[in-house]
Amino acid sequence: MAAVSPARLSLFVRKIPWTVASNEMREYFRKFGPVKKCVLPFDYETGFHRGYCFVEFYDAKGMQKALESNPHIIEGAEVEVSTRLNSKKSNTDQDPELV
């Protein structure tokens, strides 16, 4: 059996409510399998997180369970879960992750 690249064990989660913290994201995704890391980037200018995060699992089973489980509702809001960033191009000066 071929080893799975760590990048393949990471999920991209977007549309996260601003009231949610990284420990809450980790706890939510822990029900699908052991979470190795949860990174919720912080915007120091606004004082809030950027509305997206990366969740890395220890094994492919947990990640697959999370991908198959829909919808994902966190604090009453549906968040989007995918295996990679969408490469939406925009001709504005906005942050591409927020478009």
Side-chain angles (χ1 to χ4, degrees):
M1 181 182 205
V4 178
S5 165
R8 292 186 182 172
L9 297 178
S10 293
L11 296 177
F12 176 68
V13 184
R14 60 182 288 207
K15 296 191 176 180
I16 300 169
W18 65 271
T19 55
V20 176
S22 63
N23 61 336
E24 292 170 292
M25 293 299 294
R26 179 185 294 273
E27 285 301 314
Y28 176 81
F29 283 98
R30 188 173 284 159
K31 68 183 174 184
F32 303 109
V35 174
K36 184 175 185 178
K37 183 172 30 171
C38 179
V39 178
L40 186 66
F42 190 79
D43 185 337
Y44 292 99
E45 289 183 27
T46 65
F48 299 109
H49 63 72
R50 295 180 179 252
Y52 65 90
C53 79
F54 300 94
V55 179
E56 185 178 341
F57 289 88
Y58 279 104
D59 59 50
K61 288 180 186 178
M63 186 188 77
Q64 192 61 39
K65 284 182 189 177
L67 284 171
E68 292 171 356
S69 175
N70 277 314
H72 292 281
I73 308 294
I74 300 175
E75 286 195 10
E78 184 173 353
V79 298
E80 294 180 8
V81 177
S82 63
T83 55
R84 59 186 169 90
L85 288 168
N86 291 331
S87 58
K88 253 186 174 180
K89 297 207 178 204
S90 173
N91 57 1
T92 65
D93 291 332
Q94 294 178 342
D95 189 6
E97 289 89 4
L98 299 178
V99 174

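For the atom pair L9 CG and K61 NZ, the distance stands at 13.0 Å (nearest 0.5 Å). To the nearest 0.5 angstrom, S82 atom OG is 8.0 Å from R14 atom CZ.
When the side chain to side chain donor-acceptor pair (under 3.5 Å) test is applied to Q64, the partners found at least two apart in sequence or on another chain are E68. Applying the salt bridge (Lys or Arg N to Asp or Glu O under 4.0 Å) criterion to R30, with sequence neighbours excluded, gives E27. Judged as a side chain to side chain contact (heavy atoms under 4.5 Å, CB included), and not counting sequence neighbours, the contacts of Y58 are P34, K36. H49 is linked by a side chain to side chain donor-acceptor pair (under 3.5 Å) to nothing, counting only residues two or more places apart in sequence or in another chain. Residues that satisfy the side chain to side chain contact (heavy atoms under 4.5 Å, CB included) test with K37, not counting sequence neighbours, are V39, E56.
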Can you give each donor-acceptor pair under 3.5 Å made by side-chain atoms of residues 15-25, sequence neighbours left out, with the distance rounded to 0.1 Å?
residue : atom : partner : partner atom : Å
K15     : NZ   : E80     : OE2          : 2.9
T19     : OG1  : E75     : OE1          : 2.4
E24     : OE1  : A21     : N            : 2.7

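Between the side chain of H72 and the backbone N or O of A66 there is at least one donor-acceptor pair closer than 3.5 Å.
F42 shares a hydrophobic cluster with Y44; the chain of contacts runs through ILVMFWY side chains whose heavy atoms sit under 4.5 Å apart.
Side-chain contact between Y28 and I74 is present, with at least one heavy-atom pair separated by less than 4.5 Å.
Looking at every heavy atom in both residues, F57 comes nearest to L11 through CE1-CD1, 3.5 Å.
The aromatic rings of F29 and F32 are tilted relative to each other, their planes meeting at an angle between 30° and 60°.
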